[in-house]
Amino acid sequence: MARLVLPYISFIVFLLLMCMAAQPGTGPTTDSDEVKALGEIAKQLGKKDWNTNVDPCINDPSWSTPKLGSRPLYNNSLICNCSYPDRLCHVVALIFKGQDLGGVLPRSLVKLHYLTYLELSRNFLSGNIPHEWASTKLEFLYLAVNNLSGPIPSFLGDITTLRILNIENNLFSGMVPPELGKLVNMENLILSANNLSGELPVALTNLTKLKELRISSSNFTGRMPDFFQSWKQLEKLEIQASGFEGPIPSNISILSNLTELRISDLVGGGSKFPNLGSSTRMIRLMLKSCNISGPIPKSILNLIQLQTLDLSFNRLDGNIPDFGGLSELKYLFLTSNLLTGPIPEGIKGKDNTHQIDLSYNNFSESSAPSCRGNLNLFKSFSGRDNSTLSECLKDSPCSKDFYKVHINCGGKASIVGNIKYEADEDPAGGASFFWRENWGFSSSGRFWDINTTGNDYVANNVSILKMNESELYTSARLSPLSTTYYARCLANGPYKLKLHFAEIVIRDNRSFGSLGRRIFDIYVQEKLVLKDFDIENAAPGVDKAVVREYKANVTNKVLMIRFFWAGKGTTATPKRGTYGPLISAISVEADFNPPDDGKMKISIVVGAVVAVLLLIFMILGILWWKGCLGGRKSRENELKGLDLQTGFFTYKQIKAATNNFNAANKLGEGGFGSVYKGILSDGIVIAVKQLSSKSRQGSREFVNEIGMISGLQHPNLVRLYGCCIEGKQLLLVYEYMENNSLSRALFDPVDSQLKLDWPARQKICVGIAKGLAFLHEESTLKIVHRDIKSTNVLLDRDLNPKISDFGLAKLDEEENTHISTRIAGTIGYMAPEYALWGHLTYKADVYSFGVVALEIIAGKNNMKYRPNQNFVCLLDWAIVLQQRGDLMELVDPELGFDFSKEEALRMIKVSLLCTNPSPVLRPVMTAVVNMLEGRIVIDELTRGPSIYGEEWGFEALRDQHGESSRPNSMESQSLVQSSNATWIGSSSTSAHNIYSTNQNE
């Protein structure tokens, strides 16, 4: 009984002691000098959420107190010790990990005399290590993944208490100072992924307590050091792409305590396989690209705890030992060696939980096992020509010659321009071989330091992509070591090769996520064509496309492209395991004219032409029979001579697709009529716009919409599939937009069940701007839309915006400075010069865009939002906030704090610039795109409340109504409100009667 009660008594006593310690005046408090020092440290680090008004050791609940042995990715902790004789609490550990702190290493750290543990990894700290730190008593110092630079300071050798020093993934340069040899208590020394050079100092042999050493991705010179006699306690050794020359020193055999050994990418001289038979505690072993020759020694079978073995890209020959006896071995990579003989039964018998890569070897064909996942035998057998790439393809001979291949690597099928890119969505692994009819890929290697899954071999974009052809770059194929894409069954001859890249994982903000460096090599037909390729540097920047073009000659019907990681760059950011080749898309096309099939081809072409002509005459005959092309002057006559690039649908087709215009398929109602969802017989989903007999829009708008949009192709314009003209039926068939209109998403969130976060809003705003820039400046036909509003912006499945409803659009003839036309548009979005005087230029669309951009940022309808009776609309409110300097008050509260303040402010300023009452002062849409994307500075034009009043309003109204004198104050208020109502959102009856606008919200 006493044994059961005792723990409870101890716990109660512990709680009482904690409560007593928390009572003011009854327990210790934090040293006042240290409290002051903490404030200085916070300022130097750029840490702004530090509450200096409470005792940090006793009363500040914002601190967590984890165990020092645990190292989560994100941590904000302060640890104190209050058991000192002076009855004061002293700070012994500071942990600010993953906080994106943007300051410098704090000099005031030296004032924390009891500090032994400092963790500042995964921030954006810059500058050097302060000299003042030399007098600290630090034992644990973590500075990995920052922006620190300069040489490693020699005074670190004065901190003789140091046990762990980790400065991985920074910009330190120069030689490793020999003074580090004074750190005789050092257990872990991690210097990887810097710009270190020179030879490793002999003084490091003094670090006899060293258990972990990592010096990868550096520029060291000379032969690999043989200091292992002094480092007998080493448990983990990593020397990847260090710059050292081979061979591997023979005395590495004395490291019997090793559990992990990684050596790769040695320069120069070859090596024999090191004797590691005594390292029986080894769990993970990598000897990759070390120029090792000779057989794999059987002593490797002594490593009974081995789980991962990577001996790839060496010159190993002879037979493979039968690794079947190593029961713990799950990952075996023998890629690209000279191994021969049969494949051992112990390997063939492994199941799919093991990953075994034997690609690029010379095994006997008779030992080939059946094809299965996670056993890669790509180009593994002798006696095969290069056209037979794998045993898995022996039953798939080429049925014909191909002349092109287009692959969206890691992504879904996409059509870009006239090119169809095939899907490449198969999961991959450490030893994978996948194939299609005429292409496939081989993937080798495992991401170290993480628990790898199939998802780790495909990268997906982490932000909104703004480049052209973005569908090729939203995902990409990744590899931790090597990926070979091949095209087979190609006709022999020269080919043009395009490789598409975009860095969609590493970021470019002021965050530790931007500190990664992805570096890899590219081979075409086994020839190195690009060494140390860095996508971000080549683009330049992240989320930007870069294309590399090459010529390749095919002589055996096979073209191979290999992407290879040679150990360089970083591996720890944005998360551990981020490295290796990344490829977005591959395009292969013959650089010669495919052979002519002669008469047969001519016959086929002639037959096709005849068939098309017959089909056209049949359609014309049916239309004539139904009166669609009759003699009366009608909307059908207006289609004569119109160069349509769309298809014709029958009314029967449309009825079947929409289930006889079933109300359940109705998407919405506009000024034109109803819009229905439909599904064609081939499964294509469409949107059908049906002209209402009561519509105020008629054949003119119908013909106009067909004529305007049929020849327009742009990612931000809705695509018109065709039309149907039968009797009184007028229907337009569009691509279906899964997320309906921007208006519904912004103003009816319950109805749309769609929440637009900030990246989506930014993407939508830029997309609309690009669509308008195309209409105004890039299209062959220069077009003024006239009715840009949130209802006429539709959103597809990926929230890409597409401008719709071209029924009111007008051609902007370049020789005319403006178009005089009857007023048509929507109240709340019309530019003042157009609403009042009918003066129409493309600047009217710019104005309307500015209103829509304002709605996107605020999440409010310009026509319906009135913060109080003193304001007419959202735009009115925005101008007042501009005067007050409170523009950020416009941001939609639904976004909370999860948005980019810089981008939001840009969008607001652009919207106000676009809605300037003077069209001359509004920018063109290409400039708007550049402003929104931050490429050019926004010219701010601050406007006073007078834009709604007196000078502008009275002059306009006098011209409009023939008034010759200024009205009195009561009259002025009435008239100005009437004037504004025509373009800023009032729904006054007088404005509607005067301008007869098209309200189809």
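Take F849 and apply the ring pair (Phe, Tyr, Trp, His ring centres under 6.0 Å) test, not counting sequence neighbours, and it matches no residue. Residues that satisfy the side-chain contact (heavy atoms from CB on, under 4.5 Å) test with S470, not counting sequence neighbours, are L465, M467. Residues satisfying the side-chain contact (heavy atoms from CB on, under 4.5 Å) criterion with V793, sequence neighbours excluded, are L742, I768, P801. Under the side-chain contact (heavy atoms from CB on, under 4.5 Å) criterion, A760 pairs with L756, D757, L799, sequence neighbours left out. Under the rule for a salt bridge (Lys or Arg N to Asp or Glu O under 4.0 Å), K466 has no partner lying at least two apart in sequence or in another chain. Shown here are the salt bridge (Lys or Arg N to Asp or Glu O under 4.0 Å) partners of D100, two or more places apart in sequence or in another chain: there are none. In this structure, the side-chain hydrogen bond (donor to acceptor under 3.5 Å, both in side chains) partners of D845, at least two apart in sequence or on a different chain, are H776. Not a single ring pair (Phe, Tyr, Trp, His ring centres under 6.0 Å) links H500 to another residue, sequence neighbours left out. Here E855 pairs with nothing under the salt bridge (Lys or Arg N to Asp or Glu O under 4.0 Å) rule; sequence neighbours left out. For L905, the side-chain contact (heavy atoms from CB on, under 4.5 Å) criterion is met by L887, M888, K909, not counting sequence neighbours. Legend: residues meeting side-chain hydrogen bond (donor to acceptor under 3.5 Å, both in side chains) with E503, ordered by chain and number and at least two apart, are R518.
Checking side-chain atoms of D892 against main-chain N and O of E894 turns up a donor-acceptor pair under 3.5 Å. Counting only distance, with no hydrogens or angles, the side chain of D521 and the backbone of D532 share a donor-acceptor pair below 3.5 Å. T474 contributes no side-chain N or O that, together with a main-chain N or O of N461, makes up a donor-acceptor pair within less than 3.5 Å. Side-chain atoms of N862 come within 3.5 Å of backbone N or O of L875 as a donor-acceptor pair. The backbone N or O of G410 sits less than 3.5 Å from a side-chain atom of S475, completing a donor-acceptor pair. In this structure a side-chain-to-backbone donor-acceptor pair under 3.5 Å is present from N123 to F96. No donor-acceptor distance shorter than 3.5 angstrom exists from the side chain of Q882 to the backbone of V880, with no hydrogens or angles considered. With N916 contributing its side chain and S918 its backbone, the two residues share a donor-acceptor pair below 3.5 Å. With hydrogens and angles ignored, the 3.5 Å screen pairs a side-chain donor or acceptor of S848 with a backbone N or O of Y829. A side-chain donor-acceptor contact under 3.5 Å links S217 to the backbone of G569.
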Side-chain donor-acceptor pairs of residues 923-938 under 3.5 Å, sequence neighbours excluded:
residue, atom, partner, partner atom, Å
T926, OG1, E777, OE1, 2.9
N930, OD1, R935, NE, 2.9
N930, OD1, R935, NH2, 2.9
N930, ND2, T926, O, 3.3
E933, OE1, R935, NH1, 2.5
E933, OE1, R935, NH2, 2.4
E933, OE2, K770, NZ, 3.3

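Of all non-hydrogen atoms in A502 and Y473, the two that sit nearest each other are CB-CD2, 3.5 Å. Contact detail for F520 and F564: the closest heavy-atom pair is CB-O, 3.3 Å. Scanning all heavy atoms of the two residues, the minimum distance from I908 to V891 falls at CD1-CG2, 4.4 Å. Across every non-hydrogen atom of N739 and D796, the tightest pair is ND2-O, 2.9 Å. Scanning both residues, C409 and Y485, for their nearest heavy atoms gives CB-OH, 3.5 Å. Closest approach of L499 to I522, counting heavy atoms only: CD1-CG2, 3.9 Å.
Within 6.0 Å of atom CG in D898, 12 or fewer heavy atoms from other residues, nucleotides or ligands are found, so the atom counts as exposed in its surroundings. Atom CD of E425 is surrounded by more than 12 heavy atoms from other residues, nucleotides or ligands within 6.0 Å. Within 6.0 Å of CG on N468 lie no more than 12 heavy atoms contributed by other residues, nucleotides or ligands.
Taking the ring axis of Y865 as reference, the NZ or CZ atom of K860 stays within 45° of it and closer than 6.0 Å to the ring centre.
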Practice problem: Verify side chain to side chain donor-acceptor pair (under 3.5 Å) between N169 and T573, making sure each step is shown before the conclusion. | Solution: CA-CA 8 Å; N169 203 151; T573 183; 5.3 Å; no
Quiz item: Could you walk me through whether T826 and D787 pass the side chain to side chain donor-acceptor pair (under 3.5 Å) check?
Solution: CA-CA 6 Å; T826 303; D787 201 19; 2.7 Å; yes
Practice problem: Would you sort out whether D424 and R477 count as a side-chain contact (heavy atoms from CB on, under 4.5 Å), showing the intermediate values? | Solution: CA-CA 9 Å; D424 176 26; R477 180 69 65 185; 2.9 Å; yes
Quiz item: Please walk me through it: do F124 and L515 pass side-chain contact (heavy atoms from CB on, under 4.5 Å)?
Solution: CA-CA 8 Å; F124 199 75; L515 300 176; 3.6 Å; yes
Quiz item: Does the side-chain contact (heavy atoms from CB on, under 4.5 Å) test come out yes or no for I419 and E589, once each step is laid out?
Solution: CA-CA 11 Å; I419 299 176; E589 292 193 352; 4.2 Å; yes
Practice problem: Please lay out, stage by stage, how V104 and L125 fare under the test side-chain contact (heavy atoms from CB on, under 4.5 Å). | Solution: CA-CA 5 Å; V104 297; L125 301 170; 6.0 Å; no
Quiz item: Given S900 and R906, is the side chain to side chain donor-acceptor pair (under 3.5 Å) satisfied, shown in steps?
Solution: CA-CA 10 Å; S900 166; R906 261 202 316 256; over 6 Å; no
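Ion pairing between E889 and R884 fails under the 4.0 Å rule for side-chain N and carboxylate O. Under a 4.0 Å N-O distance rule, the pair E833/R922 qualifies as a salt bridge. Under a 4.0 Å N-O distance rule, the pair E168/R576 qualifies as a salt bridge.
A distance of 9.5 Å separates CG in L795 from NZ in K763, rounded to the nearest 0.5 Å. Atom CZ of F172 sits about 8.5 Å away from atom CG of N146, to the nearest 0.5 Å. A distance of 8.5 Å separates NZ of K802 from CG of L717, quoted to the nearest 0.5 Å. Atom OG of S414 and atom CD1 of I407 lie 13.0 Å apart (nearest 0.5 Å).
No side-chain heavy atom of N460 sits under 4.5 Å from any side-chain heavy atom of I504.
Here the rule is side-chain hydrogen bond (donor to acceptor under 3.5 Å, both in side chains) with S587, and of H406, K498, K404 only H406 fits it.
Ring planes of Y579 and W565: tilted class, angle from 30 to 60°.
Between F501 and F533, the distance separating the two ring centers is shorter than 6.0 angstrom.
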